[in-house]
Participant: 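Input: one structure, supplied below.
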Amino acid sequence: MKNPDNNLSISTLLLRWYDVHKRDLPWRGTHDPYAIWISEIILQQTRIQQGWDYFVRFMRRFPDVVSLAQAHEDDVLKLWQGLGYYSRARNLHAAAQQVVDRFGGQFPRTYSDILSLKGIGEYTAAAIASIAYNEPYAAVDGNVFRVLSRLFDIDTPINTPVGKKQITAVAQSILHPRFPGLHNQAMMDLGAMVCTPAQPECVECPFQEICLALARNKVADLPVKNRLKTVRNRYFHYFHIRYGDKVYIRKRIGRDIWKNLYEFPLVETDAPADFAALQDSDGFKQLFSPVMQMTIRHTMHLKHVLSHQVIYADFYQVDIDPAEQSLQGRGLIEIPGYRLGEYAVSRLVHKYIETI
DNA sequence: AACACGGGGGT
DNA sequence: ACCCCAGTGTT
């Protein structure tokens, strides 16, 4: 049996497999660092099937870094709507402006310069540097954690700094010295297609002769991961306020979820609240004082499950008497109802808007 | 080192 | 119910 420490054989086996099995993706075959960058950011924590169309649309709308830098953040977020982790879009936009300001609009060429851009961490910097410029940096993502923890039978929890350091060192040591870009992409494809989280296809694996976990019957036990803490429950009460043909929205600010996206005015309570309790809340009074002529009815309840919080959302439709004064001047934006679709909103708010 | 940040899909 | 996914920034 070959030794898994025989590094040349590992990357050679890997590239031989990749040459036959690599996937045909819209960002494959390019050495344009901008296109690689966009694809890498979109695919962070996102499945290819889900990200594919977003990538195509994004490249069509912002074909180069200068066009992205010149865009309005609202338009970038609108293009990102529905993808989640919206800081990716905000950082993408900010980083494009950094490229213009600090690198004269030319995408940086070195790992450390690439790493200095907003939203680009060690993984993405290594991916761009290796795929675009063939720089010898191992791109270590969730796939690589899984493949290498199995190949070398490493049971250090991978979601700890020690585990990450350990896998990264191994990844760097087996990186093909002449084809780091191909090697990195091959590792990702192998993790996505063969060395999958559940029911891996070990019989198809180029490493089946040298995989320590397979030899020791531990494939299903790896990688080891510490449990995340439980999710937080939140209670949102949205008000779809109608005033003639106008509605009111506002932009979320602060460090909370969905920053810079738009939504209906909302009151958050720290526990489930019926309408009577809601009326007593400070947020409600602030929104609707002074007392005005209006009708309110509860129209929808949605449970929105995210990775780290569960949001219980109630929607109320509020009709303000046209004789009343406009609600403008409370941080609200008054827009015609038919223009709602122009604003970037969360998936949760979108679910409601679809039903209007 | 721990936590925050979306959303979708698989078992 | 629980896990997974081409991670990064902040505290």
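Reminder, nothing fancy here: chain letters follow the sequence lines and each chain counts from 1.
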Participant: Just checking W27(A): base, sugar-phosphate only, or nothing, at a heavy-atom cut-off of under 4.0 Å?
Facilitator: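 Touches a base.
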Participant: Would one find a side-chain N or O of R90(A) under 4.0 angstrom from OP1 or OP2 of dG9(C)?
Facilitator: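 Indeed not, no polar side-chain atom of R90(A) lies that close.
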Participant: How far, in whole Å, is dG6(B) from dT10(C) if one measures between their P atoms?
Facilitator: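 About 14 Å, rounded to a whole number of Å.
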Participant: For a quick check, tell me whether the side chain of S307(A) and the base of dG7(B) share a donor-acceptor pair closer than 3.5 Å.
Facilitator: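 Looking at the base of dG7(B), it does not pair with any donor or acceptor on the side chain of S307(A) (distance under 3.5 Å).
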Participant: Closer than 4.0 Å, any side-chain N/O of T46(A) to the OP1 or OP2 of dG8(B)?
Facilitator: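 T46(A) to dG8(B) OP1/OP2: no side-chain N or O under 4.0 Å.
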Participant: Check the side chains of D189(A) and H21(A) for a donor-acceptor pair under 3.5 angstrom, ignoring hydrogens and angles.
Facilitator: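 Distance-only check fails for H21(A) and D189(A).
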Participant: Identify whether any heavy atom of K259(A) sits under 4.0 Å from a base atom; if not, whether one sits that close to sugar-phosphate; answer base, sugar-phosphate or nothing.
Facilitator: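 No contact.
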Participant: I'd like to know if the side chain of S326(A) pairs up with that of E334(A) as donor and acceptor (distance under 3.5 Å, no hydrogens or angles considered).
Facilitator: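 Distance-only check passes for S326(A) and E334(A).
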Participant: What's the NZ-C1' distance between K303(A) and dG8(B), to the nearest Å?
Facilitator: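 Taking atom C1' of dG8(B) as the reference, NZ of K303(A) is at 16 Å.
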Participant: Could you state the CZ-C1' distance from F236(A) to dG6(B), rounded to the nearest angstrom?
Facilitator: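 After rounding, the gap between these two atoms is 13 Å.
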Participant: Is the positively charged end of K246(A) above the ring of Y243(A), judged by distance under 6.0 angstrom from the centroid and angle within 45° of the axis?
Facilitator: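 Checked: cation-pi criterion not met.
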Participant: Less than 4.0 angstrom between a side-chain N/O of R88(A) and OP1 or OP2 of dG7(C), yes or no?
Facilitator: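 So the side-chain polar atoms of R88(A) never come under 4.0 Å of the phosphate oxygens OP1 or OP2 of dG7(C).
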Participant: Using a cut-off of strictly less than 4.0 Å, decide whether Q44(A) has a side-chain nitrogen or oxygen near OP1 or OP2 of dA6(C).
Facilitator: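 The answer is no; no side-chain N or O of Q44(A) sits under 4.0 Å from OP1 or OP2.
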Participant: So, for W80(A) and Y54(A), is the gap between ring centers shorter than 6.0 Å?
Facilitator: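 Not under 6.0 Å, so no.
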Participant: If we take the P atom in both dG10(B) and dA6(C), what is their distance in whole Å?
Facilitator: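 Looking at atom P only, dG10(B) and dA6(C) are 14 Å apart.
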Participant: Side chain of R232(A) only, please: which of dT11(B), dA6(C), dC5(B) is the nearest?
Facilitator: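 My answer, after comparing the listed nucleotides, is dC5(B).
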Participant: To the side chain of R28(A), which of dA6(C), dT11(B), dG6(B) is closest?
Facilitator: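 My answer, after comparing the listed nucleotides, is dA6(C).
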Participant: NA contact type, N184(A), heavy-atom cut-off 4.0 Å: base, sugar-phosphate, or nothing?
Facilitator: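 Nothing, no heavy atom under 4.0 Å.
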Participant: Nearest to the side chain of H308(A), heavy atoms from C-beta on, is which of dC5(B), dA6(C), dG7(B)?
Facilitator: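 Ranking dC5(B), dA6(C), dG7(B) by closest atom to the H308(A) side chain puts dC5(B) first.
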Participant: Does R47(A) contact dC4(C) through a side-chain donor or acceptor facing the base, at a distance under 3.5 Å?
Facilitator: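 Looking at the base of dC4(C), it does pair with a donor or acceptor on the side chain of R47(A) (distance under 3.5 Å).
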Participant: Heavy atoms under 4.0 Å, any strand shown: does R234(A) hit a base, just sugar-phosphate, or nothing?
Facilitator: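 Nothing, no nucleic acid heavy atom in range.
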Participant: Does W80(A) place a side-chain N or O at less than 4.0 Å from the phosphate oxygens OP1/OP2 of dC5(B)?
Facilitator: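 No, W80(A) has no side-chain N/O under 4.0 Å of OP1/OP2 on dC5(B).
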Participant: Check every atom of dG7(B), dG6(B), dA6(C) against the side chain of L25(A) and return the nucleotide holding the closest atom.
Facilitator: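 So the side chain of L25(A) is nearest to dA6(C).
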Participant: Does a side-chain N or O of Q50(A) approach OP1 or OP2 of dG9(B) to a distance below 4.0 Å, or not?
Facilitator: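 No.
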Participant: Can you check whether F62(A) and F58(A) have ring centres sitting under 6.0 Å from each other?
Facilitator: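 Centroid separation for F62(A) and F58(A): below 6.0 Å.
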Participant: Just call it for L83(A): base, sugar-phosphate, or nothing, with non-hydrogen atoms closer than 4.0 Å on any strand.
Facilitator: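 It contacts base atoms.
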Participant: Answer yes or no: side-chain N or O of R23(A) and base N or O of dA6(C) forming a donor-acceptor pair under 3.5 Å.
Facilitator: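 Indeed, a donor on one side and an acceptor on the other fall under 3.5 Å apart.
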Participant: Considering every strand and a 4.0 Å limit on heavy-atom distances, what is the contact class for G82(A): base, sugar-phosphate, or nothing?
Facilitator: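 Here G82(A) touches the backbone only, sparing every base.
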Participant: Within the 4.0 Å heavy-atom criterion, would you say I42(A) contacts the bases, only the backbone, or no part of the nucleic acid?
Facilitator: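 I42(A): no heavy atom of the nucleic acid under 4.0 Å.
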Participant: Quick check for you: to the nearest 0.5 Å, what is the distance between L151(A) atom CG and L222(A) atom CG?
Facilitator: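 L151(A) atom CG to L222(A) atom CG measures 11.0 Å (nearest 0.5 Å).
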Participant: Decide salt bridge (charged side-chain N to carboxylate O under 4.0 Å, His left out) for D113(A) and R102(A); before the verdict, give the C-alpha distance in whole Å, the side-chain angles of both, and the deciding distance to 0.1 Å.
Facilitator: CA-CA 10 Å; D113(A) 278 348; R102(A) 290 169 33 203; 5.6 Å; no
Participant: With a 4.0 Å cut-off on heavy atoms, is T124(A) in touch with a base, just the backbone sugar-phosphate, or nothing at all?
Facilitator: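 Counting heavy atoms under 4.0 Å across all strands, the contact made by T124(A) is with sugar-phosphate only.
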Participant: Using a 4.0 Å heavy-atom cut-off, does Q49(A) contact any base of the nucleic acid, only the sugar-phosphate backbone, or nothing at all?
Facilitator: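 Touches nothing.
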Participant: In this structure, how many angstroms lie between the C1' atom of dC3(B) and the CG atom of D256(A), rounded?
Facilitator: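 Spelled out: CG on D256(A) to C1' on dC3(B) is 14 Å.
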Participant: In the strands shown, is dG6(B) matched to any nucleotide by a Watson-Crick or G-U wobble pair with both distances under 3.5 Å, and which?
Facilitator: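 Per the H-bond distance test, none.
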Participant: Give a yes/no answer on whether the side chain of Y85(A) brings an N or O atom under 4.0 Å of OP1 or OP2 in dG9(C).
Facilitator: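 Answer is no, no contact under 4.0 Å.
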Participant: Heavy atoms only, 4.0 Å cut-off, all strands: where does Q185(A) land among base, sugar-phosphate and nothing?
Facilitator: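 The residue Q185(A) makes no contact with any strand.
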